[in-house]
Amino acid sequence: MTHLALARKWRPRDFESVIGQDHVVKALVHALDHQRLHHAYLLTGTRGVGKTTLARILAKAVNCEQGMSSRPCGQCSACTGIDTGRFPDYLELDAASNRSVDEMTQLLETAVYAPTMGRYKVYVIDEVHMLSNHAFNAMLKTLEEPPPHVLFVLATTDPQKVPVTVLSRCLQLGLKNMTAQSIASHLAEILGKEGIAFEPAALAWIGKAARGSMRDALSLTDQAVTFAGGQVGEAATREMLGIVSGGQILAIFDALAQGRAGALLEVARAMQEQAASFAQALMQIAERCQQLGWWQQGIETPEPDAQMASDAARFDALDLQVFYQIAVHGARDIGLAPDPYTGFTMSLLRLLAFRSDAPVSSVRPADAMPPAAPRRPAQPLAVKPPSQNFMRPGMPPATGHSTQASRPAVAPTAAARPAAVRTTGEPPAEPAAMVAAVPAVVPAALPAAVEAPSGGSAPPFDGDWPALAARLPLGGVPRMVAQQSELLAHQSDARGLHLHLRVGVKLLTEAAHVAKLREALQSEWGAPVHLRVDLGEIAGITADAVAREAQAEKVARTQADLESLPVVKSLIEHFDGKIIPGSVKPA
């Protein structure tokens with residue numbers, strides 16, 4: 001075999017050639033120059049960052065025939081023997097395959113003998129965390145007080161699994177992951193010396209794909225050279241790595257901005273035909289979210305594209321945070337999907353569904369959906385008398401069949417009344433008194449950002465805010481504003497419907513989310529809506545609370561029906577059976 005892999009051919013032979021580990025190199029160089037070597041070193045770091053390489057250079061430095069220094073000659077028999085693995089006083093041990101106490105005992109028995117050719121016997125134990133507990137215990141005494149001619153270098157990718165008794169006996173040096181830029185720069189230098197043509201963009205992709213490992217980067221470069229027939233081109237490298245083109249990522253964000261599910265699925269189908277890596281595509285989406293987020297904060301990203309500014313203006317900062325989380329979790333869970341295409345398309349639809357301004361129907365495949373006409377308000381729900389149902393501000397007493405008849409009777413308490421009623425100290429005797437006690441909203445005091453145009457006449461509102469909030473076609477944060485708010489006051493006049501809400505989280509008071517809620521209310525109610533949302537402690541009834549109560553009642557009713565079954569009764573009575581709490585789900 002005449003070809004030598006780049007990772008082996010360009011392995012650093014001295015400290016000056018080590019890339020990206022200046023802090024560790026500096027410590028070892030100073031220790032050698034000042035003759036302050038520790039008897040045991042522990043090198044930690046991920047794969048391919050230089051742990052074994054530094055151990056070999058250290059072994060050459062202490063055994064070089066030209067003298068012990070931080071600059072081994074690399075030409076003497078000791079230096080060449082260590083590089084080729086033929087030096088008798090240098091031993092590399094793989095703890096993954098030599099992990100038993102017997103093998104460790106055999107190794108330590110040879111440590112008492114003086115070196116054969118060099119000044120030090122250097123024992124390098126790679127992946128030391130794989131040793132058994134008995135093997136660790138066997139080496140503790142020797143590791144703490146080794147003979148003066150013995151030097152231990154332990155290496156591991158998982159230092160958390162190394163016992164603290166071993167850690168306390170070693171000088172620990174942590175190697176860092178290398179940046180994509182430093183990897184690409186080093187690859188360009190190597191390919192220049194090899195006489196191989198390359199495109200800088202291709203090396204940038206390899207630097208990112210290596211994830212901090214120089215050995216992985218060199219292996220990928222070897223693969224790219226073979227794949228492209230003697231050169232490293234961007235198009236061939238992207239195809240080899242399964243990287244989606246930047247145009248397709250921009251198309252995904254354009255479809256998200258327009259709310260077009262069909263366009264998203266078209267991009268996904270094109271990527272499937274190209275055999276692209278869907279997990280990599282999701283990570284590219286996450287990276288795009290990061291770039292847009294920085295741009296919105298006034299920080300320019302390296303090499304911004306032409307759409308950076310426009311895309312940053314089309315998406316809300318909160319949406320980008322949600323998109324980032326969905327993309328990262330989608331890439332992590334894509335192996336759990338029925339197939340990668342299904343997992344990727346569902347992640348795309350999840351991105352679309354969780355936009356803050358996404359209507360409920362935004363995930364339908366059809367892109368050309370006719371806009372829904374403004375609907376007139378539904379007929380007010382009939383409710384039980386005040387003594388048998390919730391009291392809400394402005395709710396008139398009604399008779400007849402109620403859609404909420406199955407809700408358990410709850411008497412109004414001081415905690416459930418509006419703040420204006422509690423301050424009087426005299427609970428009202430009838431609903432009309434509650435309406436009179438709640439201060440009317442002054443339209444002029446409403447924020448201009450959420451003010452609706454005047455004109456028209458609003459139909460009467462029965463005060464059932466939870467019912468109205470539950471049927472609004474909202475998504476994301478605006479839906480949370482509707483679901484988790486309580487109604488403080490309401491009023492209908494010639495200018496429209498005036499609503500005064502209170503929420504318990506500051507995020508829900510932001511003008512952008514309140515404006516989207518007002519637009520949905522105006523479309524649902526069919527009349528101008530003036531909305532004010534304040535921050536404070538929730539004391540009344542919210543749509544979210546009503547939904548949870550209804551769900552709890554369904555669970556209780558389902559459990560009661562289950563317990564009434566003869567077979568369940570028999571199991572409970574004769575076998576001490578029980579229904580596990582929380583296991584009952586309504587059909």
Side-chain angles (χ1 to χ4, degrees), residues 180 199 201-211 216 219-221 223-224 226-229 232-292 305-308 310-311 314-315 319-320 322-355 358 360-369 475:
E199 295 182 15
L203 300 187
W205 284 117
I206 293 176
K208 291 181 180 180
R211 296 186 178 275
D216 288 4
S219 298
L220 289 173
T221 303
Q223 183 179 350
T226 304
F227 186 82
V232 182
E234 182 186 6
T237 301
R238 282 199 294 104
E239 182 181 357
M240 179 192 76
L241 298 175
I243 295 173
V244 180
S245 67
Q248 289 176 315
I249 299 298
L250 295 180
I252 288 175
F253 276 84
D254 186 62
L256 285 175
Q258 300 180 29
R260 300 177 57 210
L264 287 174
L265 296 181
E266 288 177 6
V267 176
R269 282 193 289 267
M271 291 169 54
Q272 187 182 35
E273 293 175 358
Q274 298 168 5
S277 170
F278 291 120
Q280 178 65 36
L282 287 169
M283 297 309 294
Q284 289 179 250
I285 292 174
E287 185 178 5
R288 179 70 174 178
C289 291
Q290 180 256 347
Q291 294 171 350
L292 294 176
D305 54 71
Q307 286 188 222
M308 186 69 70
S310 60
D311 280 354
R314 297 165 79 183
F315 294 99
D319 284 343
L320 292 178
V322 175
F323 292 169
Y324 177 85
Q325 289 294 329
I326 292 174
V328 171
H329 286 272
R332 180 196 64 185
D333 298 339
I334 201 166
L336 303 176
D339 58 80
Y341 177 76
T342 300
F344 180 69
T345 53
M346 287 305 298
S347 294
L348 292 182
L349 295 180
R350 197 177 301 126
L351 291 171
L352 193 63
F354 277 85
R355 291 182 307 145
V360 174
S361 61
S362 64
V363 296
R364 295 180 183 174
D367 290 331
M369 298 286 293

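All values derive from a computational prediction rather than experimental measurement.
- In this structure, Phe323 CZ and Arg350 CZ are separated by 12.5 Å, a value rounded to the nearest 0.5 Å.
- Not counting sequence neighbours, Ala204 has no partner by the side-chain contact (heavy atoms from CB on, under 4.5 Å) test.
- The structure places CD1 of Ile252 at 4.5 Å from CD1 of Ile249, a figure rounded to the nearest 0.5 Å.
- Residue pairs that meet the salt bridge (Lys or Arg N to Asp or Glu O under 4.0 Å) test with at least one member in residues 274-290, sequence neighbours left out, are Lys208-Glu287, Arg288-Asp305, Arg288-Asp311.
- Contact detail for Leu241 and Ala209: the closest heavy-atom pair is CD1-CB, 4.0 Å.
- Here CE of Met283 is found 10.5 Å from CD1 of Ile285. Values are rounded to the nearest 0.5 Å.
- Scanning for side-chain contact (heavy atoms from CB on, under 4.5 Å) contacts around Gln272 gives Phe278, Tyr341, with sequence neighbours left out.
- Taking all atoms of both residues into account, the shortest heavy-atom contact from Leu220 to Ala210 is CD1-N, 4.2 Å.
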(message) Could you go through Leu282 and Val328, starting from their C-alpha distance and side-chain angles, then the distance that decides it, and tell me whether this counts as side chain to side chain contact (heavy atoms under 4.5 Å, CB included)?
(response) CA-CA 7 Å; Leu282 287 169; Val328 171; over 6 Å; no
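- When the side-chain contact (heavy atoms from CB on, under 4.5 Å) test is applied to Ala224, the partners found at least two apart in sequence or on another chain are Ile206, Val232, Thr237, Met240.
- For the salt bridge (Lys or Arg N to Asp or Glu O under 4.0 Å) condition, the pairs that include at least one residue of residues 240-254, sequence neighbours left out, are Asp254-Arg314.
- Considering only residues two or more places apart in sequence or on other chains, Phe253 meets the ring-ring contact (aromatic ring centres under 6.0 Å, His included) condition with Phe315.
- Leu348 places none of its side-chain heavy atoms less than 4.5 Å from the side chain of Leu265.
- Taken to the nearest 0.5 Å, the CZ atom of Phe354 stands 13.5 Å off from the CG atom of Leu256.
- Scanning for side chain to side chain donor-acceptor pair (under 3.5 Å) contacts around Glu199 gives an empty result, with sequence neighbours left out.
- Note that CD of Gln290 and CG of Leu320 are 11.0 Å apart. Values are rounded to the nearest 0.5 Å.
- Residues passing the side chain to side chain donor-acceptor pair (under 3.5 Å) test with Gln274 are Gln248, sequence neighbours excluded.
- Scanning for side-chain contact (heavy atoms from CB on, under 4.5 Å) contacts around Ala279 gives Ser277, Ile334, with sequence neighbours left out.
- Taking Thr342 as the reference, Asp339 meet the side chain to side chain donor-acceptor pair (under 3.5 Å) condition, with sequence neighbours excluded.
- To the nearest 0.5 Å, the span separating OG1 on Thr345 from CG on Leu349 amounts to 6.0 Å.
- Smallest separation of non-hydrogen atoms from Ala236 and Ala228: CB-CB, 3.9 Å.
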(message) If you apply the rule side chain to side chain contact (heavy atoms under 4.5 Å, CB included), what do you find for Asp216 with Arg211, and how did you get there?
(response) CA-CA 8 Å; Asp216 288 4; Arg211 296 186 178 275; over 6 Å; no
